[in-house]
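Note sheet for the following structure.
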Amino acid sequence: MKFLAVIGDPIFHSKSPRMHNNAIKSLNLDGIYTRYHLLNPDSLKDKILNLKLSGANITLPFKEKALEIADFKDSFAQNIGSANTLCIKEGKIHAFNTDALGFLEIMKELDNIKKALILGAGGTALALAYVLKQKDVQVCVTNRSKERFKDFKAYQTCLYQDLREFDFDLIINATSAGLKDESLPCTRELLEKILPRSRFAFEVIYGKKTPFYQLCKSYGLRTKDGLDMLLWQGVFAFELFFDIKDKREMIKNTMKEALQLA
Ligand code: NDP
């Protein structure tokens, strides 16, 4: 029996138990997936080992810590500097970043992207920037404050008010603006300069039509929200937990079905 969990703070809102348990049930596997509210990052490793977890998804604010405690790190997790999926084998922790793998799937739907603008400079922005760079896309990262640019040395960065270039094939909102309020990530004037010249927009937030999403749609951009990225990161984590490779669409469909349940 595999014992799995999502670990974070806060954790009550997490949809992962619902997604993974539905997939476990549909595929008739032997396992259970729960949630664990962790307060102290320094106890992450002990908790995982003491609870005898076979695997875990790690969410805010412990993704960097998850990488730090790992014995083995895949190249995405290593290069991005954070991990959201841990597999425990013979007492050793293996770290992966399936958020990046999820975005890689999204990229398959976007053709001919040469230049991308990322709004936001947090952990998600870093994962997305890395994936885009792997795909030879020129990336510019812009944010409301500059402290986090230290993690983006490999990329062009600037504050919103210093942005002087407005031609991008893809614009991404990787901020939390619009998640719990009705705000845009930057000024409407700035977006109104960029959106008419852009073709695609990606909003990392899912579950609501944010002001950014709606504005991009109103400019006729092909606009996608973060639901598929959420699903794909779950699918890739699930494949790692159960060492399954040939049921990708089925896992995705059962996870999607779980999200639609009341
Ligand atoms: P971080 O806390 O690491 O970064 C947040 C970023 O958003 C920072 O750049 C911050 O700017 C900016 N920001 C926050 N609030 C505002 C605001 N009101 N206006 C403008 N900028 C703002 O968070 P994450 O990178 O982990 O998460 C970002 C978003 O991505 C969240 O909404 C999260 O739900 C979503 N997400 C979606 C996933 C999916 O699968 N679809 C997966 C993971 C995350 P500053 O540096 O100035 O504070």
Side-chain angles (χ1 to χ4, degrees), residues 6-16 18-20 41 57-67 76-77 80-85 96-107 109 117-131 139-152 155 157-163 171-191 201-213 215 223-238 252 255-256 258-259:
V6 59
I7 300 175
D9 175 29
I11 201 59
F12 185 69
H13 68 286
S14 175
K15 304 259 194 296
S16 291
R18 190 185 269 216
M19 287 162 56
H20 283 263
N57 285 122
I58 309 299
T59 186
L60 286 176
F62 306 125
K63 290 185 185 182
E64 286 79 17
K65 191 72 187 174
L67 185 73
F76 275 86
I80 293 162
S82 66
N84 73 320
T85 300
F96 304 88
N97 191 311
T98 67
D99 287 333
L101 297 177
F103 183 63
L104 208 50
E105 285 300 310
I106 307 292
M107 282 292 292
E109 296 172 33
L117 178 70
I118 300 180
L119 311 175
T124 307
L126 195 53
L128 270 44
Y130 180 74
V131 170
V139 180
C140 176
V141 177
T142 181
N143 196 35
R144 64 181 178 180
S145 61
K146 61 182 176 195
E147 285 70 29
R148 302 200 201 215
F149 288 156
K150 63 181 182 329
D151 300 325
F152 289 82
Y155 307 92
T157 53
C158 71
L159 293 171
Y160 292 135
Q161 62 267 31
D162 296 331
L163 194 68
I171 176 165
I172 297 173
N173 177 27
T175 77
S176 320
L179 181 65
K180 293 192 181 132
D181 55 27
E182 291 304 310
S183 68
L184 286 165
C186 57
T187 63
R188 195 181 175 96
E189 291 70 41
L190 179 58
L191 289 172
F202 181 59
E203 163 64 272
V204 288
I205 295 169
Y206 52 86
K208 71 177 278 198
K209 304 255 179 277
T210 62
F212 175 82
Y213 181 96
L215 190 62
T223 307
K224 222 179 144 54
D225 72 10
L227 180 65
D228 271 359
M229 184 173 148
L230 172 79
L231 286 169
W232 281 121
Q233 66 75 29
V235 172
F236 291 122
F238 193 88
K252 188 180 177 219
M255 287 188 166
K256 191 170 188 174
L259 289 179

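Order of listing sets the numbers, starting from 1, for every ligand and every atom in it. As the structure is a computational prediction, the values presented were derived from the model and not from experiment.
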Using a 4.0 Å heavy-atom threshold (strictly under), name the region of L227 that reaches ligand 1: side chain, backbone, both or neither.
neither
For D99 and ligand 1, does the shortest N/O to N/O distance drop below 3.5 Å?
no
Look only at interatomic distance and state if D181 has a nitrogen or oxygen under 3.5 Å from any nitrogen or oxygen of ligand 1.
no
Are any of the protein's heavy atoms under 4.0 angstrom from atom 20 (C) of ligand 1, yes or no?
yes
From the options E147, K180, R144, R148, select the one whose nearest heavy atom is closest to atom 22 (C) of ligand 1.
R144
Could you report the tightest heavy-atom contact between L184 and P211, atom names first, then the distance?
CD2-C, 3.6 Å
L179-ligand 1 polar pair, N/O distance under 3.5 Å
no
Closest protein heavy atom (residue, atom, distance) for atom 9 (O) of ligand 1:
A121 N, 2.8 Å
Tell me, with the steps shown, if E105 and K252 meet salt bridge (Lys or Arg N to Asp or Glu O under 4.0 Å).
CA-CA 12 Å; E105 285 300 310; K252 188 180 177 219; over 6 Å; no
Give a yes or no on this: more than 12 heavy atoms of other residues, nucleotides or ligands lie within 6.0 Å of atom NZ of K150.
yes
Approximate separation, where rounding is to 0.5 Å, of I80 CD1 and D151 CG:
12.0 Å
Side chains of T210 and E203: is there a donor and an acceptor less than 3.5 Å apart?
yes
Test of understanding: given a 4.0 Å heavy-atom threshold, classify the contact between N143 and ligand 1 as side chain, backbone, both, or neither.
side chain
Between D99 and K63 (salt bridge meaning N to carboxylate O under 4.0 Å), is one present in this structure?
yes
Tell me which one of G122, G102, A174 gets a heavy atom nearest to atom 28 (C) of ligand 1.
A174
Quick check: does G226 get an N/O under 3.5 Å from an N/O on ligand 1?
yes
Who's the nearest protein heavy-atom neighbour of atom 6 (C) of ligand 1, and how far?
T175 CA, 4.0 Å
Check ligand 1 against L60 and write out every atom of the ligand that is under 4.0 Å from a heavy-atom position of the residue.
26 (O)
Counterpart residues, ring-ring contact (aromatic ring centres under 6.0 Å, His included), relative to Y206 (two or more places apart):
none
Residues at least two apart in sequence or cross-chain that pass ring-ring contact (aromatic ring centres under 6.0 Å, His included) with F96, listed by chain then number, are none
Could you tell me the residue and atom name of the protein heavy atom closest to atom 23 (O) of ligand 1, and the distance to it rounded to 0.1 Å?
S176 OG, 4.5 Å
Do side-chain atoms of N97 reach the backbone of A100 as a donor and acceptor pair under 3.5 angstrom?
yes
Looking only at distances, please establish whether an N/O atom of ligand 1 is found under 3.5 Å from an N/O atom of G123.
yes
Report yes if some N/O of L184 lies less than 3.5 Å from some N/O of ligand 1; otherwise report no.
no
Should the proximity of P185 to ligand 1, defined as any heavy atom under 4.0 Å, be assigned to the side chain, the backbone, both, or neither?
backbone
Of all the non-hydrogen atoms in the protein, which one sits nearest to atom 30 (O) of ligand 1, and at what distance?
V204 CG2, 3.2 Å
Does any N or O of ligand 1 fall below 3.5 Å from an N or O anywhere on A125, backbone included?
no
Of the non-hydrogen atoms in Q233 and L230, which two are nearest, and what is the gap between them?
NE2-O, 3.0 Å
Are the aromatic ring centres of F202 and F103 under 6.0 angstrom apart?
yes
Would you mind listing which atoms of ligand 1 come within a distance below 4.0 Å of any non-hydrogen atom of S145?
45 (P), 46 (O), 47 (O)
Whether T187 side chain and L190 backbone form a donor-acceptor pair below 3.5 Å:
yes
Classify the contact between I205 and ligand 1 as side chain, backbone, both or neither, using a heavy-atom distance cut-off of under 4.0 Å.
side chain
Considering only heavy atoms of G120, which atoms of ligand 1 have at least one such atom less than 4.0 Å away?
9 (O)
Closest protein heavy atom to atom 36 (N) of ligand 1, given as residue, atom name and distance to 0.1 Å:
T124 OG1, 4.1 Å
Does one side chain, of N84 or T98, offer a donor that lies under 3.5 Å from an acceptor on the other?
yes
